[in-house]
There are 2 protein chains.
Amino acid sequence: MRTLKYALLGLIDRGPITGYDISKEFEKRIMANFWHAKHSQVYPELKRLFDENLITVELIIQGEKMEKKLYTITTEGHAEFVEWLLRDEPLGVTPKDVFRLRTFFSDFISASDYEQHLHSQLGKHNFKKGYLESSMTKSYDSIPQYGSKEFGDYAVLLGAIMREDSYIAWLKVCLDAVSHQN
Amino acid sequence: MRTLKYALLGLIDRGPITGYDISKEFEKRIMANFWHAKHSQVYPELKRLFDENLITVELIIQGEKMEKKLYTITTEGHAEFVEWLLRDEPLGVTPKDVFRLRTFFSDFISASDYEQHLHSQLGKHNFKKGYLESSMTKSYDSIPQYGSKEFGDYAVLLGAIMREDSYIAWLKVCLDAVSHQN
DNA sequence: ATATAACATGTAACTATTGACATGTTTAAT
DNA sequence: ATTAAACATGTCAATAGTTACATGTTATAT
């Protein structure tokens with residue numbers, strides 16, 4: 001499906017960007033809430049997009065001699081990206097989730113061991129939710145206008161918070177069910 | 001991380017099972033709500049678990065001559081599985097989501113094109129939610145006791161329904177935001 | 001009877017992803 | 001001055017996962 005290709009094209013279509021900054025998006029920024037790739041996957045894919053004439057590259061020097069590569073989208077690149085954006089694909093496979101897998105097999109461990117797991121998970125998801133909510137209040141006090149870059153950022157951030165809320169609610173239901181029974 | 005290894009060990013630990021039935025779990029059953037593997041990945045992994053002495057195999061004949069392989073867990077296999085179950089691992093990377101990726105880049109398409117996408121997604125997730133809810137009402141009228149196989153089944157099914165609910169709620173917020181602005 | 005779907009097990013080639021290796025520069029803090 | 005963190009770009013080996021190829025059996029419906 002080459003989804004990484006389109007993730008890169010989208011970022012480059014927003015304006016010239018380096019491979020390093022693209023990798024940062026995947027690892028620390030808003031994008032990390034729904035896509036991920038290591039730099040070892042990003043650099044070869046950029047090379048490939050260049051070979052396919054979907055992006056161009058400009059070598060620039062930062063400071064004394066440090067080299068950077070600035071990638072820019074081509075007309076074909078933009079066309080292919082928008083064509084992908086408009087596609088309506090079937091729902092992909094449900095995402096894998098190791099904690100749900102452990103829950104599925106929880107009958108192999110004691111109620112108190114599973115309860116401990118649930119508390120640990122709750123802590124991690126509450127922490128993540130807190131971080132997401134602070135990003136939200138820091139950046140937005142109202143819903144950005146559709147058509148701006150900010151709308152996309154806002155929508156996926158909101159989606160990430162709602163996903164954490166739902167996960168936390170599920171963990172609490174599980175905790176309730178377990179603790180009322182031992 | 002070899003998570004597939006533990007997913008297989010867990011299924012086999014519930015009782016002797018064939019590779020075919022394991023594949024069915026991943027593709028059609030409750031398990032499909034949080035893990036997935038094709039039979040082309042399952043068969044080689046079973047071979048590997050056998051080589052590692054974590055499972056044993058018994059060849060049985062179904063009907064006239066059709067061969068089946070029944071896998072059973074060994075003492076070491078059970079020990080390794082429970083050891084994994086009790087592990088507390090850090091939160092993995094956030095799952096990839098192509099629709100969130102499209103939303104992130106929605107400023108490249110018109111409001112009405114994005115609105116159409118949202119309606120399509122809503123249809124798919126509502127359908128999935130309906131299917132999950134019918135499985136739920138068909139199988140459970142109360143919360144199963146912790147420690148039973150049924151508790152795990154129930155918990156992950158409930159989690160899947162809550163996940164769909166949250167996704168649908170998010171799609172509706174996006175739809176609201178877009179339709180009030182064009 | 002016969003066709004279709006489900007049962008049953010595998011391999012091979014390819015794509016996607018990760019983790020480790022490898023190297024060098026610039027900025028900010030002490 | 002020096003050190004640590006961040007900047008910046010790559011490769012390589014291994015693991016994970018998908019798609020297509022390959023083959024044969026049994027049960028169910030027409």
Side-chain angles (χ1 to χ4, degrees), chain A residues 1-8 12 16-29 31-32 34-52 55 57-71 89-90 92-98 101, chain B residues 1-8 12 16-29 31-32 34-52 55 57-71 89-90 92-98 101:
Chain A
M1 255 167 321
R2 292 195 66 192
T3 312
L4 179 61
K5 163 179 168 175
Y6 299 104
L8 296 183
I12 299 166
I17 190 172
T18 63
Y20 186 79
D21 286 326
I22 288 172
S23 293
K24 260 203 313 195
E25 279 290 331
F26 286 127
E27 272 160 34
K28 306 188 235 277
R29 310 259 176 221
M31 232 180 161
F34 54 87
W35 208 263
H36 183 265
K38 303 282 172 71
H39 77 274
S40 55
Q41 208 185 350
V42 170
Y43 289 118
E45 186 65 32
L46 284 170
K47 179 81 191 318
R48 191 171 171 190
L49 295 177
F50 173 77
D51 291 341
E52 293 171 327
I55 56 175
V57 62
E58 186 198 356
L59 192 75
I60 60 170
I61 305 295
Q62 186 82 337
E64 199 62 19
K65 50 179 161 173
M66 196 172 69
E67 291 185 348
K68 273 202 208 188
K69 287 180 173 177
L70 251 197
Y71 291 96
E89 283 164 307
V93 294
T94 307
K96 292 175 178 177
D97 184 323
V98 181
L101 181 61
Chain B
M1 255 164 323
R2 292 193 65 192
T3 312
L4 178 62
K5 162 180 168 176
Y6 299 103
L8 297 183
I12 298 166
I17 189 172
T18 64
Y20 185 81
D21 285 327
I22 287 172
S23 293
K24 259 203 313 196
E25 280 290 330
F26 286 128
E27 271 160 36
K28 306 189 235 280
R29 310 261 176 216
M31 234 182 159
F34 55 87
W35 209 264
H36 184 266
K38 305 282 172 70
H39 77 273
S40 57
Q41 209 185 351
V42 170
Y43 288 119
E45 186 65 32
L46 284 169
K47 179 80 191 321
R48 192 172 169 190
L49 295 177
F50 173 76
D51 291 341
E52 294 171 327
I55 57 175
V57 64
E58 188 197 356
L59 192 76
I60 60 171
I61 306 295
Q62 186 82 336
E64 199 64 20
K65 51 180 162 173
M66 196 173 66
E67 292 184 349
K68 273 202 207 189
K69 287 180 174 176
L70 252 196
Y71 292 95
E89 283 164 309
V93 294
T94 308
K96 292 175 178 180
D97 184 324
V98 180
L101 183 61

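Predicted, not measured: the structure shown is a model, and the values here were computed from it. Order of the sequence lines fixes the chain letters, A, B, ..., with proteins taken first and strands second; residue numbering starts at 1 for each chain.
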Write down the distance between [atom1] ([X]) and [atom2] ([N]), rounded to a whole number of angstrom.
{"X": "Leu8(B)", "N": "dA16(D)", "atom1": "CG", "atom2": "P", "answer": "12 Å"}
{"X": "Glu27(A)", "N": "dC7(D)", "atom1": "CD", "atom2": "P", "answer": "12 Å"}
{"X": "Arg2(A)", "N": "dC14(C)", "atom1": "CZ", "atom2": "C1'", "answer": "13 Å"}
{"X": "Leu59(A)", "N": "dT25(C)", "atom1": "CG", "atom2": "C1'", "answer": "14 Å"}
{"X": "Ile22(A)", "N": "dG10(D)", "atom1": "CD1", "atom2": "C1'", "answer": "15 Å"}
{"X": "Lys65(B)", "N": "dT23(D)", "atom1": "NZ", "atom2": "C1'", "answer": "13 Å"}
{"X": "Trp35(A)", "N": "dA16(C)", "atom1": "CH2", "atom2": "P", "answer": "10 Å"}

| said: Categorize Lys96(B) for me: base, sugar-phosphate, or nothing, with a 4.0 angstrom heavy-atom threshold over every strand shown. | reply: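 Since only primed, P, OP1 and OP2 atoms lie under 4.0 Å of Lys96(B), the category is sugar-phosphate.
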
For [X] and [Y], work out which heavy atoms get closest and say how close.
{"X": "Ala7(A)", "Y": "Met31(A)", "value": "CB-CE, 4.0 Å"}
{"X": "Ile12(B)", "Y": "Tyr71(B)", "value": "CG2-O, 3.6 Å"}
{"X": "Gly19(B)", "Y": "Val42(B)", "value": "O-CG1, 4.1 Å"}

| request: Going 5' to 3' through nucleotides 7-13 of chain C, assign each nucleotide B (protein heavy atom under 4.0 Å from a base atom), S (under 4.0 Å only from sugar-phosphate atoms) or - (no protein heavy atom that close). | output: BBBBBB-

| query | dG10(D) phosphate, OP1 or OP2: any side-chain N/O from Lys47(A) under 4.0 angstrom? | reply |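 The answer is no; no side-chain N or O of Lys47(A) sits under 4.0 Å from OP1 or OP2.
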
| query | Is there a side-chain polar atom (N or O) of Lys38(A) under 4.0 Å from OP1 or OP2 of dT17(C)? | reply |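 For dT17(C), neither OP1 nor OP2 has a side-chain N or O of Lys38(A) closer than 4.0 Å.
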
| To the nearest 10 degrees, what angle separates the axes at the start and end of the helix from dA1(C)-dT30(D) to dT30(C)-dA1(D), five pairs each? |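 Here the helix ends are tilted 40° relative to one another.
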
| Contact list for residues 41-50 of chain A, test side-chain hydrogen bond (donor to acceptor under 3.5 Å, both in side chains), sequence neighbours left out |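 For residues 41-50 of chain A, and leaving out neighbouring residues, the side-chain hydrogen bond (donor to acceptor under 3.5 Å, both in side chains) pairs sorted by first residue read Arg2(A)-Glu45(A).
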
